[in-house]
Each structure stands twice: as structure tokens, then as C-alpha cells.
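These notes are about the structure you will find just below.
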Amino acid sequence: MDHQALAQLLFPQVTETAQELEARFPLRSLPEGAVVTRMAPSPTGFVHLGNLVQGLTAERMAHQSGGVLFLRVEDTDAKREVPGAVETLINTLKHYGIQFDEGATMDGDNGIYGPYRQRQRAAIYHVYAKKLVAQGQAYPCFCTEAELSAMREQQESNKETTGYYGKYAVWRDRPLEEIQAQLNAGNPWVLRFRSTGNAENQFKFDDLVKGKLTVTENDIDHVLLKSDGIPTYHFAHAVDDHLMRTTHVVRGDEWLATLPFHIQLFNALGFKLPKYVHIGPLMKMDGSSKRKLSKRKDPELALTYYKAEGFPVEAVYEYIMTLLNSNFEDWRRANGDLPATDFKFSPKKLNPAGSLFDYAKLTDVSKNVIAKMDAEKVYVLLTQWAEEFDPDFAEKLTADPPFAKRILAIGRGGKKPRKDLAVWKDAKPYMGFFYDEYLQMPRFDPAWDKAVIRDVLNRFLETFDPADDATVWFDKVKQITQDIGFTTDMKAYKADPSAFPGTVADVSTFLRLAVTGQTNSPDLYTVMQILGKARTVSRIQSALSAL
Ligand code: GLU
């Protein structure tokens, strides 16, 4: 077979050479050890936690080493493409602190290694396709869908490995004339790789996450170009990551199965193999067993979920870091105020089997993150969230910012800040009662004699003076407690509850319910200070009239 002639027959339009492409996309001049990596998503419109795990790994590896992170859009499957998906992806990742140095952007491409959208790179793939054919390492296959499925059925009934290999690779060695005749007849064809691998052989491979692996050689003549001339993922991966000068491929471990084929392709094309970072799936506990997070079953897989719940970006970021590098948590404890990017991230610490996603832990991390923020920051982030997800609440917050900030300042700062909020969604149940429209009518425990409650509230109104400091205020509450025959001695009460009709805690609960409508609230003295005299009094009066 004259491979040169076949190459010319299949790709007459290709005049550019691989050498010319090498020159067009020069080696990057970066410091020793700089990682060049990428995110290469398919624009399906769904951005999930897995994207973030992969994105953060890639981002840290690139930026920590003084390297480059770029975005390549893998849009070879036009059927799966959703309009606006690239924009959604860029925005979402940016929201979580992943900025690309290069690649597809909102307004076209940025960088000299483009185009960064695969459909625009067809001519580039064809140069390498022609080269492989000329080298005798690729050939056209004219099998129809029907022929391929008949072959699969036969393999299945023979209990053989399915696929296009060995004697099943029927177009491997057809004469040029036969190929010419098919082309003349206008029959569609795909370009296949001529594999020299043997499925009996294994070889060792080193992955940055999985460690040393033993993998089996590929003997399948996989498709390189589909009948429309668009490459498969495998071929595009080799060509693009080579020409874009990727040093590390960070991707999901579902690609491990075809890694032997990728290695063959890099060799056949004369490309240096990049390093691989194969990330395991995100798992969750389902009862007592682990399973992969699923798009269908788990709303928490979608990144939009975290935004809607109101997890601050830093919380998700910190949590993912904890998930990826288990020493991050200790580092965070020791370096409370340093930016997370100061942490020395290592892909080697990723769990090769995949990470176990733990919602409770995320909530915990988030509480700590929010507890460390000052009231001003909480106000800004909460308001931003509410404007999108609870406009009514946003209106309340923005109507009187100093009032909202005083509320949000409760228990902040100091050694042990309060941890009331895990997500912005928690804010309304926590502080809504400050706003009259959200105040609930108090529901006193019917076990209490209403007359006693009334007595407490009336006595409080008689002595209440907002100018009192916290000690005086509480002394007055204790005084009322004693005056109605309740005790302020909690120890004595615990020792013998039947000896007392009630305690100072009960008196406080009556007041708390009257003023906040709830049995739980931040420090009541502070609440009254923020509400001011008129609103405190009027709330107690309405509680009285409802009793
Ligand atoms: N488009 C592939 C995917 O979304 C990219 C894999 C890779 O990063 O190489 O799975």
C-alpha cells in the first residue's frame, strides 16, 4: 500500500505540515517546574461540583507553580451543546475563584494557542490525520452502522471482546483501489487508528493521583475522525494538549480506560506524553454504602444549588480544599487569616478512589467561614444573595442598612464568635423577627398560667429603661423574678425543681417570646437595644393584648 498516496487521496485539501504547526504554536517559555494545564469541558450547560474539584486542582497546580491555566471548549459533539453554556461555565468558575489565563472567553479567544474551541480546529486535526495515514498508522473505514452492530452481536454471542480489532478490523488492509471506489461512490467513512497493541500485554504507568498503575495495551482500532471530519475526544486530546503545550492533564478518571490508547496516539504522533492527574469521582454515603453523586438523584451536585442555598464562595472553596487535601484543615486552623491560596496544594494527596462528599461538614466549614466575617461583609454578601433569591428580604435589609448591620454584628468578633449562619438562607429565620412584617405572634407554653406571664410583662414595662446597661437590665429581670416568687438560683432549682414555681430562665423566655416571637434568639438585652424603646414596648404590649 502506498500510504502517501492514500493520505493525499483522503486529505487533498491539507497542505500544511506538522512541522509548520509546531512552529505556529511555539514551546512556552516558563520557569522550570511551571505547570501548564487546562479545563476542557463539553458545553452541556450543567456545571457541577466535579467541575469545581477538577478546576480547583488544575488552577492550584498551574498558579502555584507560576504556570498557566487555560480553558478549551470541547464542542465536538454538536448535539449535546446548549447555547450559552460556555458563558455559564466561565461565570460560574469565576464566581468560585477560578480565573483562566488563556483560552475561550466571553468575547472570543485569548491567547496564541487557539482557536480554543475544538470545532474551529478541524483543519489542525486534519494535518495530523494526514500524517498518520502517510505513516501507515491510520486508515479509512467504510463500515456502515448495520455492519458494525452485526459485528458486535457476533462478538457478544462468541463471548469475545467487542470492538474493531484483529480480524474484525475489516478495512485495515484494503487496497487503494477499493478505497478509491468507495470514495468515488460518495460513501461516508471514518478514520481509524491502526493499533499495534496486544491485549495480552500490560505495562506500567505513573499517575499523579492514582500512583503506579498496571494497564493493558490497546488493540482496538479506535476512531480518530468521525464521518463529518470532526475528531473524537481521544484524537483531539492528543493534538490539542500537545500543541497547546499542556504539561499536566487534569481530568476525571473515567478516561483511564482509554489511556493506553492515548499513550499510543502520543507515540504515533511523535508527541511527548504529558503528566496525568486522574481525579476519582465524588461519592456520598447512601445509607451505609458509598455511591457516586448523581445528576439525577442529588441536587447538591449542581453548583447552582450552592448559590441558591447561599453558601459563600469561600466556604465552598475551603470545603473543596479540605476534601482534596486533608491537611488543609490543620493548615487553616494554624493560619486563620491567610488566603487559602497560600496553602501548598498537592495533587498527590487526593484520594485515588474519589472523595467522599459530606454535606454536614460543608455546613460546618461554612459556619466557621461566616463567623469570621465582619458585619459589613456579611451584610454585603447576604444582601447580594437575597436580591436574587429572596427579594422581599433584600428590601428589608436595604431599607435601613445600619439597622441590618447592627443585627448582623451581634456576637461577631472576639474569640468565640457566634455560628448562627451556615448559609444565607439561615439569615431570615435567625434575624427576621427584627422586622415587624416577619415577627411571629408569641406562642406561650399553655402549661403556664397566663396571669403569671402578664404579670412579668407588665412589671418589665414598668421598669424598662433602654439607657440601662446589660448588668442593670439583668438585675431588673432578676428583681422581677424574685418579686413574683420565682428563683434566680438555678443550682438550687436543678437540685429540687418542685421547690420553685419557676426560674429566671422562664421569666427571660416570656420576655424573649414577647419581643422576638421565638424561644431562641441572640442576647435579649442586645435585641432590645437594637429594636429601641418604642418597638420593644409596643411588641410587649401586643403580646399582652393577645394573651
Ligand atoms: N471534554 C472532556 C470531558 O468533559 C474533557 C476531559 C479532559 O479534561 O481531557 O470529560
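As the structure lists them, so they are numbered: ligands from 1, and atoms in each ligand from 1.
- Using a 4.0 Å cut-off between charged nitrogen and carboxylate oxygen, R24 and E16 count as a salt-bridge pair.
- The structure places OG1 of T232 at 8.0 Å from CZ of F235, a figure rounded to the nearest 0.5 Å.
- A cation-pi contact, defined as under 6.0 Å to the ring centre and within 45° of the axis, is absent between R245 and F25.
- The list of salt bridge (Lys or Arg N to Asp or Glu O under 4.0 Å) pairs with a residue in residues 229-244, not counting sequence neighbours, reads R38-D241, R72-D240, R72-D241, R121-D240.
- A donor-acceptor contact closer than 3.5 angstrom links the side chains of Q264 and S195.
- Cation-pi geometry between K295 and F46 is met: the NZ or CZ atom falls under 6.0 Å from the ring centre, inside 45° of the normal.
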Please tabulate, one line per pair, the protein nitrogen or oxygen atoms found under 3.5 angstrom from a nitrogen or oxygen of ligand 1, with distances to 0.1 Å, or say none if there are no such pairs.
unit_1   : atom_1 : unit_2 : atom_2 : d
ligand 1 : 1 (N)  : A40    : O      : 2.8
ligand 1 : 1 (N)  : S42    : OG     : 3.3
ligand 1 : 1 (N)  : E74    : OE1    : 2.7
ligand 1 : 8 (O)  : R38    : NH1    : 2.8
ligand 1 : 8 (O)  : R38    : NH2    : 3.4
ligand 1 : 9 (O)  : R38    : NH2    : 2.6
ligand 1 : 9 (O)  : Y233   : OH     : 2.4
ligand 1 : 10 (O) : W255   : NE1    : 3.3

